[in-house]
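So the structure is just underneath, and the comments pick up after that.
Below, read A as the first sequence line, B as the second, and so on, with proteins coming before strands; counting in each chain starts at 1.
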Amino acid sequence: CTSLVAEDKSGKLYHARNLDFGLFLGWDVKNNSWMVTELLRPLVVNVNFQRNNKTVFLSTSFVGYVGMLTGMKPGVFTLTMNERFSIDGGYLGILEWILGKRSGAWMSFLTRSVLENATSYDEAKTLLSKTKMLAPAYFILGGNKSGEACVITRSRESCLDIWELDIKQGRWYVLETNYDHWKEPLFIDNRRAPGMKCMNKTTQENISFATIYDVLSTKPVLNKLTTYTALMAVSDAKLEAYLRDCPDPCIPW
Amino acid sequence: RAQDVPPYTEDCRSGTYPPSGQTFRGTVPWYKVNLDQAPHERWQQLISDKKIQLTALIQSIKNLAKSIFPSGKLIEIVDNDLPLLIGTLPAQYGEEMKGIADASGLPLGEVILFNIFYEVFTV
């Protein structure tokens, strides 16, 4: 996955992502594609969750999956999560859960609960950084005020790092793939450098849905695992999602 | 051309929005989910519209599992043992999963597996 939050010159925040899923889950030799990724695309839906006929939050999701990977509380915050691989992974959390140690939260239920119940950027940030979890993860969170965006790097037990937007230091966007931002990505899976190169080339003056979509359409940020691209602008309560394809030549991940 | 060599790194794209062309597969439909409804009922409309696609995905995952464990033991565990977890999951999500299983006709264990895929695959 690739997620980013960027702030334009007027202080407006944009949050976008490519959702990549299905690595090693069956390669279709005939069509040069991942089988599960192909089957996931028709299941992508945008959902408006309502209570008393009023929107509580918006989400791009997969039918049958009750947790959330991409969502927005209009006017309040935006949230995406990226997978964080670790030996101390979710399978250990599941094992602990089965054995009765149930103090951790399931990742996608936590994000759903945050989207449903948190009422501010700060509250969402606290919940995502402090709740014990069954699996490690990256949470990419955007607010509705200038400077409100961060990447929260989580292990199962604790928050390892919070990487924040810092306009004064010239950090007008944060971009996260599936590696700790202070370490080099795996050399055969470097989507971070091409993504950052395109963001830098775009410049803060020109950031918009259109230019962010361009960044997320550039290979290998766009790859054979990309199921959808979602674009969010919290101040406009605007969420757009598009199904993606990556015709050859295209890296499988 | 350099971009044709793995990892197929392109020059930064421009002019791709509004989406069209070969990298665009289609728009994403909108649905409403009413949180005032009982959790069991919330996903009925969506599941009824996408039952065939959901079943195809789950079947494909089962086929993959069968190719790794041809005895079918893994699927047996998913179908018979995973539903035992349902009572331990946060209440509304457990009920929603039961509703999805009932509406789609899929075994509850397979719906649970789909919902905990993230935890399973983070290694």
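Residue contact with chain A, scored on non-hydrogen atoms closer than 4.5 Å, is absent for B:Q37. Using a 4.5 Å cut-off between heavy atoms, A:R102 contacts chain B through its side chain alone, with no backbone atom that close. With a threshold of 4.5 angstrom between heavy atoms, B:L84 does not approach chain A through any atom at all. Contacts of A:L58 with chain B are made by side-chain atoms alone, with heavy-atom separations under 4.5 Å and no backbone atom involved. Using a 4.5 Å cut-off between heavy atoms, A:L222 contacts chain B through its side chain alone, with no backbone atom that close. Residue A:W97 touches chain B through its side chain alone, counting heavy-atom pairs closer than 4.5 Å. Contact of B:L64 with chain A is made through the side chain alone, with heavy-atom distances under 4.5 Å. Looking at A:N52, the atoms closer than 4.5 Å to chain B (heavy atoms on both sides) sit in the backbone and in the side chain alike. In this structure, the portion of A:V56 lying under 4.5 Å from any heavy atom of chain B is its side chain and not its backbone. Within the 4.5 angstrom heavy-atom criterion, atoms from both the backbone and the side chain of B:L46 approach chain A. Heavy-atom distances place no part of A:A230 under 4.5 Å from chain B, backbone and side chain included. With a 4.5 Å cut-off on non-hydrogen atoms, A:S113 touches chain B through its backbone and its side chain both. Only the side chain of A:L231 comes within contact range of chain B, judged by heavy atoms closer than 4.5 Å. Contacts between B:P90 and chain A at a heavy-atom distance below 4.5 Å involve the side chain alone, from C-beta outward. Proximity to chain A involves both the backbone and the side chain of B:W30, based on heavy atoms less than 4.5 angstrom apart.
Taking chain A as the reference chain and counting heavy-atom pairs below 4.5 Å, the highest number among B:T88, B:L85, B:I116 is found for B:T88. If you tally non-hydrogen atom pairs under 4.5 Å between each of B:D36, B:V111, B:T27, B:I100 and chain A, the highest count goes to B:D36.
Within 6.0 Å of CD on A:E184 lie no more than 12 heavy atoms contributed by other residues, nucleotides or ligands. The 12-atom threshold is exceeded at CG of A:D248, counting heavy atoms of other residues, nucleotides or ligands nearer than 6.0 Å. By the neighbour-count criterion of 12 heavy atoms within 6.0 Å, atom CD1 of B:I52 is sparsely surrounded, having that number or fewer from other residues, nucleotides or ligands. For B:K62, the NZ atom counts as densely surrounded, since its 6.0 Å shell holds more than 12 non-hydrogen atoms of other residues, nucleotides or ligands.
Within the 4.5 Å cutoff, no side-chain heavy atoms of B:P18 are placed close to those of A:Y242. Contact check for A:M81 versus B:Y118: side-chain heavy atoms found under the 4.5 Å cut-off. Between A:V36 and B:L57, the closest side-chain pair of non-hydrogen atoms falls below 4.5 Å. Contact of the B:Y93 side chain with the A:W106 side chain is not registered, since no non-hydrogen atoms from C-beta on lie closer than 4.5 Å. Annotation: side chain of B:Y17 is in contact with side chain of A:E240 (closest heavy-atom distance under 4.5 Å).
Of the charged side-chain nitrogens involved, none lies within less than 4.0 Å of a carboxylate oxygen, so that B:E119 and A:R156 do not count as a salt-bridged pair.
Across B:C12 and A:K201, no two heavy atoms sit closer than the pair SG-CD, 4.2 Å. A:Y65 approaches B:W43 most closely through the heavy-atom pair O-CH2, 4.4 Å. Closest non-hydrogen pair, B:Y8 versus A:K219, comes out as O-CB, 3.3 Å. The shortest non-hydrogen separation linking A:L243 to B:V28 is CD2-CG2, 3.9 Å. Looking at every heavy atom in both residues, B:A56 comes nearest to A:L39 through O-CD1, 3.8 Å. Shown here for B:L35 and A:R112, the closest heavy-atom pair between the two residues is CD2-NH2, 3.7 Å.
Put simply, the side chain of B:K50 gets close to the backbone of A:P42: a donor and an acceptor are under 3.5 Å apart. With hydrogens and angles disregarded, no donor-acceptor distance shorter than 3.5 Å links the side chain of A:N48 to the backbone of B:V33.
Side chains of B:T16 and A:D214: a donor-acceptor N/O pair is present below 3.5 angstrom, by distance only. Side chains of B:T23 and A:R244: a donor on one and an acceptor on the other come within 3.5 Å.
Between atom SG of residue A:C198 and atom CD of residue B:E10 there is a gap of 9.0 Å, rounded to the nearest 0.5 Å.
Note on ring orientation: taking the six-membered ring where Trp is involved, the planes of A:F21 and B:F117 are tilted (angle from 30° to 60°).
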